[in-house]
Amino acid sequence: MIDISVKAGAAAKQRDDAVVLPLLEGRKLTASGSDLQQATGKTLTAFLRKFDISGSFGESGTLYDVEGSFTQRVMLIGAGDEKKLTLQSLRRLASKAARALNKGGARDVSFYLPELNVKGTTLGDKVQAVAEGVWLGLYTFNKYQTKKEENTRALRSVTIMVASRRDLEDAEAALLRARAVCSGTLFARDLGNEPGNVCTPEFLGEQALGLKHDKLKVTVMDKAAIEKAGFTALLAVNQGSAKEPRFIVLEYAGGKQGDAPVALVGKGLTFDAGGISIKPAAQMDEMKFDMCGAAAVLGIFKAAIELNLPLNLLGVIASTENLLGAAAYKPGDIVTSYKGVTIEVLNTDAEGRIILADALAYAAEQKPAEIIDFATLTGACVIALGFQASGLVGTSDKVKKGLKAAGDHAADRVWELPMYEEYQEQIKSEIADIKNTGGREAGTITAACFLSRFVDDIPWAHLDIAGTAWNMKGTDISPIGGTGAGVRLVTEYLLNRG
Ligand code: BES
Ligand code: MN
Ligand code: ZN
């Protein structure tokens, strides 16, 4: 992560490689742009006319060696209609500018983006969004590319400029939040992007142990410990794999002793071939991302530690591969879970809910205040919501409401699907307590119905991140690959929860 700091000062006085100024629709400069224009004898207006830069969102133009200013270049970035701006617009603009300057060879630059008016936000919100845009937008995962020249990074520091010195305290605090949230998000991206032959259940356990902190306790159970503890549903899915499973428990004690923790539960399927109900070959490689629920949990713990959040957290991750070895579990098998609930396996590819059965039951046993789980659980969720929102299903209106608000604020969005009692019919089994598929209809909801059998009466929300956890096109703030979905969302949620 490059260096980002905050400062107050006029654009004409900055001595770094570039200043980035917003330009509104209709070629309207904002405060610092007008200042610079005065200081430089109207060079900016002439430039705008000459190059026909209109200020529409995302467009940009760079002016070199502006007379009367000390900076090497002035980058104008189109912000469009100010009334339509959101915090996500700021993330996108900051990312665009940072990527362009990085490519163009600038090293130290100043961003005047927080002076844009964004409805219903504070200066801190805006500074945080700009910093997030820079850090998230510049992320790359190129450790396996042996020729790195093309990827060398020019950009060294970004200074986020605020209007006055009085703003600096809020801006500094916002920067701390952004740094924590981004380091958690980038950690989750890295874990997702690691290939399945590297990111194994054992590897996830080591990564959890790597999160060292005096308020954090991490326990990683190997196969023998899992057998002893009785996580039989996890073991059933693991039968087809040559690699050992792991059951990972994280306990962060940032709150009062004895205060019930918030439990975060993650699906850690390090590769999902579907098992005996094997998946088609096309895009099967993407199933290395089937551990992104676990990655989100680890990313949130990383952010929570850095923020020193004043609450207790319990993390539970069940991790295995879903393969087709000779001992693999089969369609028709009946699995008795840790909780004792029996599961008829109709499709070995609906394995996520099976391993989560044990993780959720264990979490519920610890009597947390609430449970939030993260899982790349259903293809149906990708059909319903595409890549723009995670599916949200759950029993607690309070938790769901908090997640919706946090998701909108952080632009790590969720959209609720209902869980009416009638849906439970679809997972009734003729010969066991429940079956692991509920048919094609409402697949995301019936998967959640399955999970609901393991959380007792603990307030619970389930996040299906199948469509959001990775992206094969790349977005304005994420390159192709893991996105770190869930980390911004739930870190924001926990910050609000206090
Ligand atoms: N990991 C997949 C879900 C998935 C599919 C996530 C595509 C992202 C993209 C999960 O284990 C799975 O295979 N689910 C099945 C369930 C079905 C057999 C009931 C699915 O969605 O097809
Ligand atoms: Mn599957
Ligand atoms: Zn899966």
Side-chain angles (χ1 to χ4, degrees), residues 192 196 199 201 204 233-234 236-241 245 265-296 317-324 328-333 335 343-359 373-391 393 417 423 426-429 434-451 462-473 480-483 485-486:
C199 182
L204 280 182
L234 172 60
V237 175
N238 180 250
Q239 278 169 207
S241 166
V265 176
K267 169 178 173 181
L269 235 294
T270 59
F271 188 74
D272 180 14
I276 299 297
S277 315
I278 192 170
K279 285 183 183 296
Q283 281 112 49
M284 201 203 273
D285 58 297
E286 292 181 29
M287 283 299 124
K288 72 171 187 176
F289 291 109
D290 211 17
M291 36 53 71
C292 283
I317 289 167
S319 183
T320 176
E321 297 178 318
N322 185 24
L323 288 177
L324 302 82
Y329 80 140
K330 307 171 296 298
D333 285 2
V335 174
I343 302 163
E344 181 187 9
V345 179
L346 289 183
N347 189 321
T348 62
D349 197 11
E351 84 298 336
R353 63 197 78 184
I354 298 181
I355 68 168
L356 284 172
D358 283 358
D373 77 73
F374 306 76
T376 47
L377 203 61
T378 64
C381 192
V382 192
I383 302 301
L385 299 174
F387 309 119
Q388 308 307 332
S390 302
V393 192
L417 300 174
Y423 287 115
Q426 283 177 246
I427 57 164
K428 269 199 181 140
S429 164
I434 46 175
K435 55 189 184 189
N436 80 330
T437 65
R440 277 168 49 79
E441 301 81 11
T444 303
I445 297 171
T446 56
C449 287
F450 182 101
L451 302 182
H462 157 65
L463 294 166
D464 193 329
I465 58 171
T468 49
W470 72 95
N471 190 300
M472 296 319 268
K473 287 206 190 89
I480 288 170
T483 60

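We're numbering straight along the sequence, starting at 1. Predicted model, so just to flag it, every value in this text is computed and none were measured. Every number for a ligand or one of its atoms is a count from 1 in the order of the listing.
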Just to be sure I read this right, does ligand 1 sit under 4.0 Å from the backbone of [X], its side chain, both, or neither, counting only heavy atoms?
X	result
Trp470	side chain
Asn322	neither
Thr437	side chain
Lys267	side chain

Working for side-chain contact (heavy atoms from CB on, under 4.5 Å), residues Phe271 and Asp290: CA-CA 6 Å; Phe271 188 74; Asp290 211 17; over 6 Å; no
Would you say the side-chain atoms of [X] pair up with the backbone N or O of [Y], donor to acceptor, closer than 3.5 Å?
X	Y	value
Ser241	Leu323	no
Thr468	Phe387	no
Ser319	Gly268	yes
Asp333	Lys330	yes

What are the two closest heavy atoms between [X] and [Y], and how far apart are they?
X	Y	answer
Ala294	Leu204	CB-CD1, 4.1 Å
Leu234	Asp358	N-OD2, 3.2 Å
Gly192	Lys288	O-CE, 3.8 Å
Glu321	Pro201	N-CG, 4.3 Å
Lys428	Lys435	O-CE, 3.2 Å
Phe450	Ile354	CE2-N, 4.1 Å

For [atom], grab the closest protein heavy atom and report residue, atom and distance to one decimal in Å.
atom	value
atom 6 (C) of ligand 1	Ala466 CB, 3.6 Å
atom 22 (O) of ligand 1	Gly379 N, 4.4 Å
atom 2 (C) of ligand 1	Asp272 OD2, 3.6 Å
atom 12 (C) of ligand 1	Asp349 O, 3.2 Å
atom 10 (C) of ligand 1	Leu377 O, 3.3 Å

Option whose closest heavy atom lies nearest to atom 7 (C) of ligand 1, chosen from Glu286, Arg440, Met287: Met287
Environment of the Zn ion (ligand 3) in terms of protein N/O/S atoms, cut-off under 2.8 Å: Lys267 NZ, Asp272 OD2, Asp290 OD2, Glu351 OE2
Distance-only donor-acceptor check, side chains Thr378 and Asp464, under 3.5 Å: yes
Could an N or O of ligand 1 be found under 3.5 Å from any N or O of [X], whether backbone or side chain?
X	value
Thr378	no
Asn347	no
Asn436	no
Ala380	no
Arg353	no

Approximate separation, where rounding is to 0.5 Å, of [X] [atom1] and [Y] [atom2]:
X	Y	atom1	atom2	result
Glu351	Asn322	CD	CG	4.5 Å
Leu269	Thr320	CG	OG1	6.5 Å
Glu441	Thr446	CD	OG1	9.0 Å
Ile434	Cys449	CD1	SG	10.0 Å
Asn347	Ser277	CG	OG	4.0 Å
Leu385	Ile465	CG	CD1	13.5 Å

Atoms of ligand 1, numbered as shown, that sit under 4.0 Å from any heavy atom of Thr376: 1 (N), 2 (C), 3 (C), 6 (C)
Glu351 neighbourhood, listing ligand 1 atoms whose heavy-atom distance to it stays under 4.0 Å: 11 (O)
Count of N, O or S atoms belonging to protein, less than 2.8 Å from the Mn ion (ligand 2): 4
